[in-house]
Amino acid sequence: MLDPKLLRESPELIRAAIAKKHINVDLDAVQQLDERWRSLLTHVESLRARQKAVNGDMAQLPKGTPEFFAKVAEMKTLKVEVKEQEGALKEIETAWQDAMLSLPNLPHESVPEGKTGDDNVVAETHGDVKDVSPHATPHWEIKNFDKLFDFARGSKVTGAGFPYYIGDGAKLVRSLIYFFLDEAGQAGYTEVSPPIFVNAASAIATGQLPDKEGQMYETVGDQLYAVPTAEVPLTNFYRDEILPEADLPVQRCAYTPCFRREAGSYGKDVRGLNRLHQFDKVELLKWVHPSQSYTELENLRGDAERLLQKLGLPYRVLLMCGGDLGFAQAKKYDLEVWSAGQERWLEVSSCSNFEGYQARRAKIRFRNSDGKPQLVHTLNGSGLAVPRVVAALLENNLQEDGSVKLPAALVPYFGRDTVSFS
RNA sequence: GGAGAGAUGGCAGAGUGGUCGAAUGCGUCUGACUCGAAAUCAGAUUUACCGGCAACGGUAACGGGGGUUCGAAUCCCUCUCUCUCCGCCA
């Protein structure tokens, strides 16, 4: 959520943000709603002030006197009026809140103009896409692929997009998770193992609800949601809290399985490991002082990039344009790994600075040097999403005999340097 | 799953219908005393929203929601959570 003061003092900034993000919002209507809400609020509060004053008088009057009953009569009149006006206020307040939530975060000035993914700027390309295996094949076409990644049985037991990982497949996944967590730990992120179900209040705070309700799996009877990313339980850790300034920046990482319904996906995007309903991911998260958030965004991106570098995978960094930037993000980088068999880039990380947008919604603050609560800036990024990294490793490193050579960084975790499909 | 107890400010803990945003203690901060410190004394010390350049003023919040009442931290209903005991269990 944006600062309501911004709407009153600098609506032109919001107007510019809406244009840059190519979002449809009737800002004039929001402004009108804000005006109406404030005037009604003032009215209701003055009525309540009157109630309190009369009540104070009554406390000093002897009960049963005519003066006392006169006050009772006045209070009864006030009560009716307050109730009526409060009802109206509540109604407009709900509308006001919805309207405020419909305003996107302001994109940072360094975010390029643009409407779609085609307008994203390639900030950097690392590694040579030609420098991969000459035997590269889409991973699902690798001989005996289904011995390590069993989609058919996953479909039988659960549904499409819930594969079994078997033998070297399972071991590779585990190795990557361990590798990612260890690297994050060395980069200064404290490891957390969070709940993988969250309640509605948490999902609302990080923006999954109410808009993207259909994206999450929901439990029957308990109103809990399977996390679509560790960002949700991680960010909500400090919800409604005020941190000591000295604690900033707080850096945490977490491995969780992630659950996404992703209704409506189809085609090559969902082949093999490209897109799953359940996948493993290590998430990196920072709560930082507002003055540091853009420095920290670069650090975060660097932490995610280093993983790909150590795995020897060619990748590129996209700076998202206004139109492709998420609703809540001020600036975002996507890391895409080269998938040599499919000859395409696969997104394996998304590193974002939310500035105070998420913190306002989740009420995460710190006490500044003046002793006043101030919103922290939140950042998060994947470090990394496992299945697509697996896909890239399998495709880029496929050897003539059908086995896959692993990068040196993984060997201590995997125990061998080759993934065997036989 | 069964039985009981409870939820108040940073913490502890009073308050069972009216001037209570809330005693007191601890903690923290400021000042005095001191060469300095401790001790002592004095004062300050929640958050959100609205109005205001500001000083400041107003409103709300005693776990959440609803109700009774002229008036609710206090009474009633309901939900959530915590604790104790019993049962069950990786």
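Proteins get letters first, then strands, A, B, ... in listed order; numbering begins at 1 in each.
- For A:Arg301 and A:Glu298, the salt-bridge test passes: some basic side-chain N is under 4.0 Å from an acidic carboxylate O.
- The pair A:Arg15-A:Asp28 counts as a salt bridge, with a side-chain nitrogen and a carboxylate oxygen less than 4.0 angstrom apart.
- A salt bridge links A:Glu183 with A:Lys310: the distance from a Lys NZ or Arg NE/NH1/NH2 to an Asp or Glu carboxylate oxygen falls below 4.0 Å.
- Under the 3.5 Å distance criterion, with hydrogens and angles disregarded, no donor-acceptor pair is assigned to the side chains of A:Ser420 and A:Asp168.
- With a cut-off of 3.5 Å on both pairing distances, B:rG71 has no Watson-Crick or G-U wobble partner at all.
- Per the geometry, CZ belonging to A:Arg239 stands 13 Å off C1' belonging to B:rG64, to the nearest Å.
- Across every strand in view, B:rA48 sits in a pair with B:rU59 that passes the Watson-Crick or G-U test at under 3.5 angstrom.
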Per-nt protein contacts along nucleotides 72-81 of chain B (heavy atom under 4.0 Å; B base, S backbone sugar-phosphate only, - none) come out as ----------
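- Across A:Thr229 and A:Pro233, no two heavy atoms sit closer than the pair O-CD, 3.5 Å.
- Under 4.0 angstrom from either OP1 or OP2 of B:rC70 there lies no side-chain N or O belonging to A:Lys71.
- Of all nucleotides present, none satisfies the Watson-Crick or G-U wobble test against B:rA39 with each distance under 3.5 Å.
- Taking atom CD on A:Gln51 and atom C1' on B:rU19, their separation rounds to 16 Å, with Å as the unit.
- With C1' as the reference atom, B:rG36 and B:rA61 are 45 Å apart, rounded to whole Å.
- OP1 or OP2 of B:rG71 lies within a sub-4.0 Å distance of a side-chain N or O belonging to A:Lys79.
- When the P atom is compared between B:rC88 and B:rG2, the two are found 15 Å apart, to the nearest whole Å.
- Judged by distance alone, with hydrogens and angles left aside, the side-chain atoms of A:Thr235 form no donor-acceptor pair with the main-chain N or O of A:Val232 at under 3.5 Å.
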Counting primed atoms, P, OP1 and OP2 as sugar-phosphate and everything else as base, the B/S/- map of nucleotides 42-56 of chain B against protein heavy atoms under 4.0 Å is -----SSSSS-----
May I have the step-by-step check of salt bridge (charged side-chain N to carboxylate O under 4.0 Å, His left out) for A:Arg367 and A:Asp247, ending in yes or no? CA-CA 10 Å; A:Arg367 203 167 286 284; A:Asp247 286 5; over 6 Å; no
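- Contact check, A:Lys52 against B:rA60: a side-chain N or O comes under 4.0 Å of OP1 or OP2.
- Rounded to whole Å, the P atom of B:rA22 lies 11 Å from the corresponding atom of B:rU45.
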